[in-house]
Amino acid sequence: MNIALIIAGGSGNRMGQDIPKQFIHVDNCPVIVHTMLAFQRHPDITAVAVVCLGGWETVLSSYAHQYNVSKLRWIFAGGINGQESISNGIYGLKKNGVKKDDLVLIHDAVRPLVSQSIISSNIAICKQYGYAITGIQCREAILESDDGFCSVTSIPRDKLIRTQTPQTFRLENIINVHEQAKSKGIINSVSSCTLLAELGGYEMHIVPGEERNIKITTTEDLEIFKVLRQTSKEDWLK
Ligand SMILES: C[C@](O)(CO)[C@H](O)COP(=O)(O)O
């Protein structure tokens, strides 16, 4: 089985809206539903699971029903940060009988423009190498700053990869990573790939990402999302 595990545990403070960003409507459909439908449409995705912000589970279920997200099978409780939310999701899958060799595509709820080809490549690369991380070459010059106002250092961009999601693992492997993190007291890693990097010793194979696979963080991103939907090559988006 290939399971999309969508992480929607965040409250979206940076958006400055009353509604968490994953539940904001764009073109009459909540962002998280756009995201679930992207996975639902992929023929190799067996099921969708969502790690949901507390108090929004019923809303999510009724949206899934309303928009016919028939592959949504599990909703798990969100954690206090990304690492804990992912952990809740993978242990939830294990408890619900997902097999250790099954693939888990961990994806941000607020990346609704993930393409069918990124999903296909994640599955293929994970099957071949064990760990698939979507990423995109850094094109900008990068400065390092402690306060955001002043910098005296730049970081060479040639080797820098900006990570996106999905980040894909066999269930057994990602559970093992979280077990190790627990035993080492690592509790606040920002993503699965940063956790693997902190633990060390993992070869994370990069799946080419896309600029349009944006993470909706600010109200400006919402505007960008609307425009990108209209100019998409993927017909079902329009
Ligand atoms: C996983 C991620 O999208 C990789 O770019 C990113 O780290 C998620 O960050 P957030 O803190 O959940 O917004």
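Counting starts at 1 for both ligands and their atoms, in listed order. Atom set for the values below is all heavy atoms of this structure, side chains included, hydrogens, waters and symmetry mates excluded.
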Contact partition for Arg162 relative to ligand 1, non-hydrogen atoms under 4.0 Å: neither
N/O separation below 3.5 Å, Arg111 to ligand 1: yes
No-hydrogen, no-angle side-chain donor-acceptor test under 3.5 Å, Asp221 and Thr218: yes
Contact (N/O only, under 3.5 Å) between Thr163 and ligand 1: yes
Any N/O pair Lys215/ligand 1 closer than 3.5 Å: yes
Whether His107 and Phe39 hold their rings parallel, tilted or perpendicular, with breakpoints at 30° and 60°: perpendicular
Close-contact set for ligand 1 against Val190 heavy atoms, below 4.0 Å: 7 (O)
Contact partition for Asp108 relative to ligand 1, non-hydrogen atoms under 4.0 Å: side chain
Ring geometry between His25 and Tyr63 (parallel below 30°, tilted from 30 to 60°, perpendicular above 60°): perpendicular
Numbered atoms and elements of ligand 1 in range of Ser191, under 4.0 angstrom, heavy atoms: 1 (C), 7 (O)
Side chain proximity check, Ser120 to Ile123, heavy atoms < 4.5 angstrom: no
With Asn213 via side-chain hydrogen bond (donor to acceptor under 3.5 Å, both in side chains) - residues at least two apart: Gln164
Which pairs of donor and acceptor atoms, one on a side chain in residues 174-182, lie under 3.5 Å apart (sequence neighbours left out)?
residue: Glu179; atom: OE2; partner: Tyr91; partner atom: OH; Å: 2.3
residue: Gln180; atom: NE2; partner: Tyr202; partner atom: OH; Å: 2.7

